[in-house]
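Beneath this line is the structure, given in structure tokens, with notes to follow.
Index from 1, following the sequence.
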Amino acid sequence: MSVTIDPITRSVVQHRLSSIVAEMGEAMLRTSYSQILNSSRDFSLAITDTRGRLIAQADHIPVHVGALPWATLAVEKRFNDIKPGDVILLNDPYHGGSHLPDVTAFVPIFDGETRLYWTIVRAHQSDIGGATHGAYNPDATEIWQEGLRIPPIKLYEAGRLRDDLLDMLALNTRNARDFRGDLAAMVGAAHLGERRMARLFAEFGAPTVAGAVELILDAAEQQARAVVSSWKDGVFYGEAFLDDDGRGNDDIRIAAKVTKSGSNIEVDLSDSDPQTRSFVNSSHANTQAAVSMAFAYLIDADIPKNSGALRPLSIVTRKGTIVDADDGRPVTLCTSHPSNEIVEAVIKALSASCPERAMAGWSRRFRIAIQGEDPRSGRHFIWHLFQARPGGGASAGGDGWSSIGEWHSAGGIKFGSIEVDEVRFPLHFRRHEFRADSGGDGQHRGGLGVSLDLVIETAKPVVGNTAGDGMRHGPCGLLGGKDGVPHDYRLVSNRRAPRRLRTKEAGIEILPGDCLEIRSSGGGGWGPPDKRSKSARDRDLAQGLVTGSAVRDA
């Protein structure tokens, strides 16, 4: 039976769906155990339907959400006996996951006996097993060395927890307490979404909600196509480069051929470099998410970012390349790299089609995970660096945001409280401030990175792993703007010669009292530097964002 949906009802349903995923996010923030979730907020929430269409998402981590339709399709393919009370888990990148640390929980939404939607939580775990702590293994040559692979499985069946399965999962992580607590928070947040959807059905009726969803998707498509239609038609090319794969292969190329015709966009990444034996490969779902991010950043901010808005976009890849790796290849770095380079290549290409919408390069991810023993408690700890967030790229709208993070998170990942980290971990943040002169010059300046001096206050040596990129290639300037300054990370010790840290290292010994001197990258500049106003340069100088030498060189 068809129903007639008036514009007011459609709008109310749209905003209710948005509020549901936002409330799910607040539940996650307040109930999760690990620093990576309750401080840095490395999680995302969404609602999809049984066809894998993205209906609503919260403003968290774009690279998570863009892959969720593919994860939904993997769940739908695996199970044909979904019941109320079931909870599905997965993390495998070759079943719609992002990378192994990102575990995803699905709760089905029923109206009576009819299953209509899923409420979904994807959250980064502090550890997922594998050869190295913290899930990123720079030495991995196959995915089995990166951690525990979880295809779609039922954690709960008709409301009954499978204790044996949970025990097996927790046993394969180095921090079982946080894993169990974070997983419980994820399931709870997804069930909260389930209850709120039931209330929405009770108020409007499921047929009305379903009809409104179709209109919401159609409206988002119309809005997106109206924007794309205003861009210049043509075939455009862009490229970006990873520094290396950690195994001697430098300047790994991401190549985007973008065809814009009318209201349609085709992004062809087939000419990208071959896959590697390193963890910088990307799975198909992750690449789909990265291209969707780039497109979403170029259309109007108020267009709902759902599957309707993405209908103008088609994506072409070639199996066996860095952007569409064969099953079994290591991929753990992929949510950062090559995701950020995919976004950069696509936006570079489309800067010739819609220059006023394109932004300069955002900085790249360079993370550190530290494992050791806290001398205050004797407890084992794993700490992930989320401080020293790098700078965002400038745009026609103005200077880039400083310390905002990378393209794949677009500000969704936070660095949390330094004071709380010092209480929870044996660390001392001796310095944490904007890194002057790190943003690329231009008519609009790139956002600044951060200068961080971090002292390790343990009684025994700890072990560090790095995973990232951007020591050689800074974020790209655009339309005449200058590139941002690359990262520069150093390990300084009273007992050993200081050394520069590489972006892909495992097993770094860090002694008590050693200092990590971290200088994170600034974003790229937009437009010719000679068009930057004198008042803007005077303001930068007065606030210490640039130095006198930088002003003289401009």
**Report entry** ring-ring contact (aromatic ring centres under 6.0 Å, His included): pairs with one or both residues in residues 29-48, sequence neighbours excluded
**Finding:** Phe43-His60
Requested in this report: For Pro498, check side chain to side chain contact (heavy atoms under 4.5 Å, CB included) against everything at least two apart and list the hits.
Outcome: Val492
Report summary line: side chain to side chain donor-acceptor pair (under 3.5 Å) filter on Arg174, not counting sequence neighbours, yields Asp127
Report summary line: Only residue of Arg435, Arg431, Arg430 satisfying salt bridge (Lys or Arg N to Asp or Glu O under 4.0 Å) with Glu433 is Arg431
**Report entry** Mutual orientation of the aromatic rings belonging to His384 and His124 [parallel < 30°, tilted 30-60°, perpendicular > 60°]
**Finding:** perpendicular
Report task. Test the Arg365-Phe386 pair against the cation-pi criterion, namely NZ or CZ under 6.0 angstrom from the six-membered ring centroid and within 45° of the ring axis. Result -> yes
Requested in this report: Please name the pair of heavy atoms, one in Cys334 and one in Ser282, separated by the smallest distance, quoted to 0.1 Å.
Outcome: CB-CA, 3.7 Å
Report task. Sequence neighbours left out, what passes ring pair (Phe, Tyr, Trp, His ring centres under 6.0 Å) with His432? Give chain and number order. Result -> Phe415
Query - Ser19 OG to Glu26 CD distance, which is reported to the nearest 0.5 Å - result: 12.0 Å
Query raised in the report: Listed by chain and number, what are the side chain to side chain donor-acceptor pair (under 3.5 Å) partners of Asp243, not counting sequence neighbours?
Result: none
Query raised in the report: By side chain to side chain contact (heavy atoms under 4.5 Å, CB included), which residues pair with Glu509, not counting sequence neighbours?
Result: Pro461, Arg496, Leu511
**Report entry** Side-chain donor or acceptor of Arg364 paired with backbone N/O of Glu341 under 3.5 Å
**Finding:** no
Query - Option passing side chain to side chain contact (heavy atoms under 4.5 Å, CB included) with Phe366 (candidates Arg502, Met471, Lys504) - result: Met471
Query raised in the report: Counting distance only, does the side-chain N/O of Asn137 pair as donor-acceptor with the main-chain N or O of Gln145 below 3.5 Å?
Result: yes
